[in-house]
Amino acid sequence: MKIEGRNAVFEAIKAGTTIDRLLVEKGLKDSGAQRIIDEANSRGIKIFFRDKTALDRESRGRHQGFIAEVTDFKYCELDDILAVAAKRNEPPFIVILDGVEDPHNLGSVIRVAECAGVHGIVIPRHRAVSVNETVIKVSAGAAEHMLVAKVTNINDAIDALKEAGVWIYCADMDGENVYSANLTGPIAFVVGGEGEGVKRLTKQKCDGVLRIPMFGKINSLNASVAAGIMLYERVRQTAGR
């Protein structure tokens, strides 16, 4: 798997990701490029300087002079996410994605979740996007710091979280206004996929349904935007506690 772009590559290096080969465009002399090269050298990563045309051939997008070849993304178990929350002495703060298929959406969710202090993200094993090169690039390095559990059945994962004392809320149009709900304590937010949204059975398993107010003519939001609004309402309510 390849990681492309300065931010994504630098975060992968800092996080200790196993990088098999780092391709760097010849002639880069700016301080940002040198910082990445110095960090890679300090960790003993093999660096190969190549002409820009060579990186262009290897790239699937905008590489910005850096392409890292790494081992496949390592998923965690649901219990690992709960363990991180316990280690930080914080109530679990989790995102569950129910059928998100667009890698740009998943990458954006990972980015906003990492910024908001989420302990981990749960995705289904089937009929959903996995953490691939595009996801990692869009996350701008956040994927290197975020636990992602890939589960066989989302509803079983919800049951397991409930047994651990986590309250489950999903985003849908017919729920309580997100700005009037109490979002403190152990909580997981369920965000649906681009077309179907949160599935009916999954919605029924949730402890509550949250609605994001809409004032325009369009009545739905991009999955990553909806996630960001809910996550940061939780951050607002718990800030300073």
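Index from 1, following the sequence.
- Looking at every heavy atom in both residues, Cys170 comes nearest to Cys206 through CB-SG, 3.6 Å.
- A donor-acceptor pair is defined here as one N or O able to donate and one able to accept, closer than 3.5 Å; no such pair exists between the side chain of His119 and the backbone of Ile81.
- Under the 4.5 Å side-chain heavy-atom criterion for Ile, Leu, Val, Met, Phe, Trp and Tyr, Phe10 and Val138 are members of distinct hydrophobic clusters.
- Looking at Leu183 and Glu233, their side chains come closer than 4.5 Å, going by heavy atoms from C-beta outward.
- Using a 4.0 Å cut-off between charged side-chain N and carboxylate O, Lys203 and Asp172 make a salt bridge.
- Checking Thr184 against Asn182 by side-chain atom types alone, a donor-acceptor pair falls below 3.5 Å.
- Within 6.0 Å of the CD atom in Glu90, the count of heavy atoms belonging to other residues, nucleotides or ligands exceeds 12.
- Side-chain contact between Leu231 and Val118 is present, with at least one heavy-atom pair separated by less than 4.5 Å.
- In this structure, the side chain of Ser59 does not engage the main chain of Leu55 through any donor-acceptor pair within 3.5 Å.
- Pairing each heavy atom of Val122 with each of Ala157, the nearest pair is CG1-CB, 4.4 Å.
- Within the 3.5 Å criterion, the main-chain N or O of Asn153 finds no donor-acceptor partner in the side chain of Asp156.
- The closest donor-acceptor contact from the side chain of Lys137 to the backbone of Arg62 lies under 3.5 Å.
- Ring pair Tyr169/Phe189 is tilted by interplanar angle, where 30° to 60° counts as tilted.
- For CE of Met214, the number of neighbouring non-hydrogen atoms (other residues, nucleotides, ligands) closer than 6.0 Å is greater than 12.
- Linking ILVMFWY residues whenever their side-chain heavy atoms come closer than 4.5 Å, directly or via other members, places Val191 and Val235 in the same cluster.
- Put simply, the side chain of Arg21 never gets that close to the backbone of Ile47: no donor and acceptor are under 3.5 Å apart.
- Atom CZ of Arg6 has more than 12 heavy atoms from other residues, nucleotides or ligands within 6.0 Å.
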Could you give me the CA-CA distance, side-chain angles and deciding distance for Val151 and Arg125, then say whether side chain to side chain contact (heavy atoms under 4.5 Å, CB included) is met? CA-CA 5 Å; Val151 299; Arg125 188 175 301 278; over 6 Å; no
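- With salt bridges taken as basic N to acidic carboxylate O contacts below 4.0 Å, one links Asp159 and Lys205.
- Smallest separation of non-hydrogen atoms from Arg111 and Ala142: CA-CB, 3.6 Å.
- For the pairing with Thr17, the side-chain hydrogen bond (donor to acceptor under 3.5 Å, both in side chains) check across Glu144, Lys74, Glu11 returns one residue only, Glu144.
- Using a 4.0 Å cut-off between a side-chain N of Lys or Arg and a carboxylate O of Asp or Glu, Glu39 and Arg35 do not qualify as a salt bridge.
- By the 4.5 Å heavy-atom criterion applied to side chains, Ile187 and Arg234 are counted as neighbours.
- One hydrophobic cluster holds both Tyr75 and Val109 under the rule that ILVMFWY side chains link at heavy-atom gaps under 4.5 Å.
- When each of Leu221, Asn177, Val225 is checked for a side-chain contact (heavy atoms from CB on, under 4.5 Å) with Ile212, only Leu221 meets the rule.
- For Ala8 against Ile3, the heavy-atom pair with the smallest separation is CB-CG2, 3.5 Å.
- Counting only N and O atoms by type, the side chains of Ser224 and Asn222 include a donor and acceptor under 3.5 Å apart.
- With hydrogens and angles disregarded, a donor-acceptor distance shorter than 3.5 Å links the side chain of Asp207 to the backbone of Ile168.
- No continuous path of hydrophobic side-chain contacts links Val190 to Met173 [ILVMFWY only; heavy atoms under 4.5 Å].
- Closest of all the heavy-atom pairs between Glu133 and Met1 is CG-CG, 3.3 Å.
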Evaluate the criterion salt bridge (Lys or Arg N to Asp or Glu O under 4.0 Å) for residue pair Glu58 and Lys2; output intermediate values, then yes/no. CA-CA 9 Å; Glu58 296 267 0; Lys2 295 175 183 177; 2.8 Å; yes
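- Looking at every heavy atom in both residues, Asp102 comes nearest to Val129 through O-CG1, 4.0 Å.
- Judged purely by atom type and a 3.5 angstrom limit, Asp51 has no side-chain atom pairing as donor or acceptor with the backbone of Thr53.
- Checked by atom type and distance alone, the side chain of Arg211 never pairs as donor or acceptor with a backbone atom of Asp174 at under 3.5 Å.
- The shortest side-chain heavy-atom distance between Ile13 and Ile45 falls under the 4.5 Å cut-off.
- Between the Gln237 side chain and the Tyr232 main chain, no donor and acceptor come within less than 3.5 Å of each other.
- When the side chains of ILVMFWY residues are joined at heavy-atom separations under 4.5 Å, either directly or via intervening members, Val70 and Val24 end up in a single hydrophobic cluster.
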